[in-house]
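Please find one structure pasted underneath; my questions will follow.
Chain letters run A, B, ... following the sequence lines, proteins first and then strands; every chain starts at 1. Below, each value reflects all heavy atoms present in this structure, side chains not excepted, and no hydrogens, waters or symmetry copies.
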2 protein chains.
Amino acid sequence: MDIAEVSRLSGLAPSALRYYEKIGLIQPNGRKGLRRQYAKKIINKLNLISLARMAGLSLNEIMTMFNESDELSIDRYLLAQKASEIDVQIKRLQAIRDSLNHVASCPQSDHLQCPSFQQLMKSVKPCSP
Amino acid sequence: MDIAEVSRLSGLAPSALRYYEKIGLIQPNGRKGLRRQYAKKIINKLNLISLARMAGLSLNEIMTMFNESDELSIDRYLLAQKASEIDVQIKRLQAIRDSLNHVASCPQSDHLQCPSFQQLMKSVKPCSP
DNA sequence: TTACAACTTGAAGTCGGCTTTAAGTCAAGG
DNA sequence: CCTTGACTTAAAGCCGACTTCAAGTTGTAA
């Protein structure tokens with residue numbers, strides 16, 4: 001497969017694929033002339049990368065997930081830890097959503113003083129953006 | 001209150017407060033000499049700003065939430081819409097978390113092919129990072 | 001009065017994750 | 001064989017939200 005095909009199948013721009021290669025995250029199988037040729041299994045790897053990106057992992061973190069043979073050599077503990085971080089994030093988002101709904105429905109301009117709002121803010125504050 | 005006090009109470013760096021002022025998001029009450037002096041209610045505004053930031057709103061979006069008197073002049077529809085966007089985000093995060101847990105617990109290297117994983121990936125794909 | 005910590009400014013720098021640009025190369029169809 | 005569109009490169013640019021820097025000013029305690 002050439003880069004356009006990989007781009008189409010993975011949903012990642014060719015420039016992103018070249019970027020991933022530059023930082024050592026992926027490797028083409030070889031070249032035909034100058035052109036990169038990829039094995040099909042790269043798609044799986046890219047899907048996994050996308051998943052990890054969406055989970056909030058940085059590309060550097062993601063690099064530690066694969067060994068030289070492109071197999072997952074995951075620190076499963078790290079992954080489980082990430083999963084629970086996401087759980088925390090979910091709870092924060094729920095609190096934020098509730099706060100937004102409160103602000104949206106409370107007609108007072110001083111709802112900032114409203115006990116329930118204050119409570120929500122507290123549950124949200126601990127982590128910064 | 002001077003800027004250090006506001007920083008302490010709001011959890012925002014002085015440089016961030018100056019930045020917010022530069023883009024027109026906040027205003028000090030006045031100056032003592034060169035130094036900014038803030039009214040206490042700025043803390044409420046800053047808390048609200050932090051909340052909105054955590055909810056994923058940009059500073060530009062946040063600016064539209066206040067009128068000239070620093071009162072919330074919210075497009076409540078916009079807020080409710082944001083709240084439901086967050087709901088979507090929560091559902092995505094739940095799917096991502098489930099995917100991570102799957103990857104972390106599935107010992108096969110080809111779990112990428114595993115139907116349940118494929119299913120999770122699908123539910124996660126629609127939105128890009 | 002003097003020292004000095006804490007403020008002030010505008011401009012430039014940082015971060016990650018790409019995208020864009022400009023200039024060049026080349027595989028493959030006609 | 002020639003064209004051409006898809007690739008190639010290195011380097012620069014972009015985004016938002018700040019932070020850092022260098023140089024200057026000033027409120028306040030001693």
(message) Counting only heavy atoms and a strict 4.0 angstrom limit, can you tell me which residues of residues 15-36 of chain B come near DNA chain C?
(response) Arg18(B), Arg31(B), Leu34(B), Arg35(B), Arg36(B)
(message) Can you measure Ile3(B) atom CD1 to dT19(D) atom C1' for me and round it to whole angstrom units?
(response) 13 Å
(message) At 4.0 Å (heavy atoms only), tell me whether Asp2(B) reaches a base, stays on the sugar-phosphate, or touches nothing.
(response) sugar-phosphate
(message) Nearest whole Å is fine: how far is dC7(D) P from Arg8(A) CZ?
(response) 12 Å
(request) Round to the nearest Å and state the distance from Ile49(A) atom CD1 to dG16(C) atom C1'. (result) 16 Å
(request) Specify the separation, in whole Å, of atom CD of Glu5(B) and atom C1' of dC7(C). (result) 15 Å
(message) Within the 4.5 Å heavy-atom criterion, are Ile49(B) and Phe66(B) side-chain neighbours or not?
(response) yes
(request) State, with a plain yes or no, whether a side-chain heavy atom of Ile90(A) is found less than 4.5 Å away from one of Gln89(B). (result) no
(request) Please identify each residue that fulfils salt bridge (Lys or Arg N to Asp or Glu O under 4.0 Å) with Glu21(A), with sequence neighbours left out. (result) Arg31(A), Arg36(A)
(message) Show me the pairs that pass salt bridge (charged side-chain N to carboxylate O under 4.0 Å, His left out) and involve residues 6-18 of chain A, at least two apart or across chains.
(response) Glu5(A)-Arg8(A)
(request) Specify the separation, in whole Å, of atom OH of Tyr38(A) and atom C1' of dA6(D). (result) 14 Å
(message) One pair to check against side chain to side chain contact (heavy atoms under 4.5 Å, CB included): Ile42(A) and Asn29(A). What are the steps and the verdict?
(response) CA-CA 9 Å; Ile42(A) 193 78; Asn29(A) 240 27; over 6 Å; no
(request) Would you mind reading off the distance between Gln37(A) atom CD and dC7(D) atom P, rounded to a whole angstrom? (result) 10 Å
(request) Quick one: closest heavy-atom pair of Met54(A) and Leu93(B), and the distance? (result) O-CD2, 4.4 Å
